[in-house]
Amino acid sequence: MARSPRCDWSTAGLLVRRVVAVVDCGIVIASDQIAAQMEGGIGFGLSAALHGAITLKDGIVQETNFERYLVLRMNEMPVVETHIIASTSRPTGMGEPGVPPIAPAVANAMLALTGQPTSHLPFLDGNARSNADLSAQS
């Protein structure tokens with residue numbers, strides 16, 4: 001499994017514009033389903049990586065609904081290009097493999113873009129460098 005995201009900074013902050021995913025899942029049974037699983041997993045993983053913070057105040061979760069808990073919006077979803085490696089190995093599951101690699105891939109893209117590593121998630125929370133600081137890198 002490999003990811004190569006294309007990220008940019010704008011006045012709105014970090015934009016993940018495109019993700020190229022390569023997957024070796026054994027013999028391909030349904031290539032469209034594999035691509036759909038990768039797209040959904042990347043969207044879910046990006047949602048957590050960019051916005052997925054839960055805050056507590058006096059032991060009470062503050063994000064009580066989606067107006068307070070941000071999830072990836074359609075206009076934030078990058079174009080996902082999935083390449084499937086031809087294989088004669090037994091087929092494997094594709095339910096979750098799209099999720100875990102996206103956050104480290106975006107962190108590496110951020111490092112390449114800004115020259116500064118990040119060490120926290122979510123990338124766009126209130127504890128992160130401000131969007132103004134990030135957009136100054138572009």
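We use all heavy atoms of the structure for the numbers below, so side chains are in, but hydrogens, waters and symmetry mates are not.
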Set of side-chain hydrogen bond (donor to acceptor under 3.5 Å, both in side chains) partners for [X], sequence neighbours left out:
X	result
T64	none
T92	none
E39	none

Could you tell me which non-hydrogen atom of [X] sits nearest to which non-hydrogen atom of [Y], and how far apart they are?
X	Y	result
C25	I84	SG-CG2, 4.3 Å
A103	A49	CB-CB, 3.8 Å
V16	P78	O-CB, 3.1 Å

Would you check, one step at a time, whether the test side chain to side chain contact (heavy atoms under 4.5 Å, CB included) holds for V19 with I102? CA-CA 9 Å; V19 176; I102 194 63; 4.0 Å; yes

State whether the side chain of S47 and the backbone N or O of L72 hold a donor-acceptor pair below 3.5 Å, judged by distance alone.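 It does hold such a pair.
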
Can you name the residues that form a side-chain contact (heavy atoms from CB on, under 4.5 Å) with [X], not counting sequence neighbours?
X	value
P104	none
T55	Q62, E63
L111	P117

Hydrophobic cluster mates of M74, side-chain heavy atoms under 4.5 angstrom, ILVMFWY only, any path?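 Once heavy-atom contacts under 4.5 Å are chained together, M74 still belongs with nothing else.
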
Check which hydrophobic residues are tied to I54 through side-chain heavy-atom contacts below 4.5 Å, counting indirect links as well, and list them. L56, V61, F66, Y69, V71

Find the distance between NE2 (H51) and CG (L46) and round it off to the nearest 0.5 Å.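 Nearest 0.5 Å value for the NE2-CG distance: 8.5 Å.
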
So, taking the atom named CD1 in I34 and the one named OG1 in T82, what distance separates them when rounded to the nearest 0.5 Å? 9.5 Å

Kindly determine whether H83 and V23 satisfy side chain to side chain contact (heavy atoms under 4.5 Å, CB included), including the steps that lead there. CA-CA 6 Å; H83 298 274; V23 60; over 6 Å; no

Output every pair passing salt bridge (charged side-chain N to carboxylate O under 4.0 Å, His left out) with a member in residues 93-117, not counting sequence neighbours, ordered by first then second residue. none

Please, which pairs that meet salt bridge (charged side-chain N to carboxylate O under 4.0 Å, His left out) have at least one residue in residues 66-93, sequence neighbours excluded?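 Passing the test, one end in residues 66-93: R18-E81.
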
Counting heavy atoms not belonging to D58, are there more than 12 under 6.0 Å from its CG? no

So does N75 have more than 12 non-hydrogen atoms from other groups sitting under 6.0 Å from CG?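 Above 12, so yes.
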
Answer with yes or no whether the hydrophobic clustering places F44 together with L70; edges join I, L, V, M, F, W, Y residues whose side-chain heavy atoms lie under 4.5 Å apart. no

Can you get from L113 to L121 by hopping between Ile, Leu, Val, Met, Phe, Trp and Tyr side chains that sit under 4.5 Å apart? yes

Please report the C-alpha distance between R17 and V79 in whole Å, then the side-chain angles of each, then the deciding distance to 0.1 Å, and finally whether the side chain to side chain contact (heavy atoms under 4.5 Å, CB included) criterion is met. CA-CA 6 Å; R17 296 187 184 275; V79 172; over 6 Å; no

Check whether any side-chain heavy atom of M38 lies under 4.5 Å from a side-chain heavy atom of M94, and answer yes or no. yes

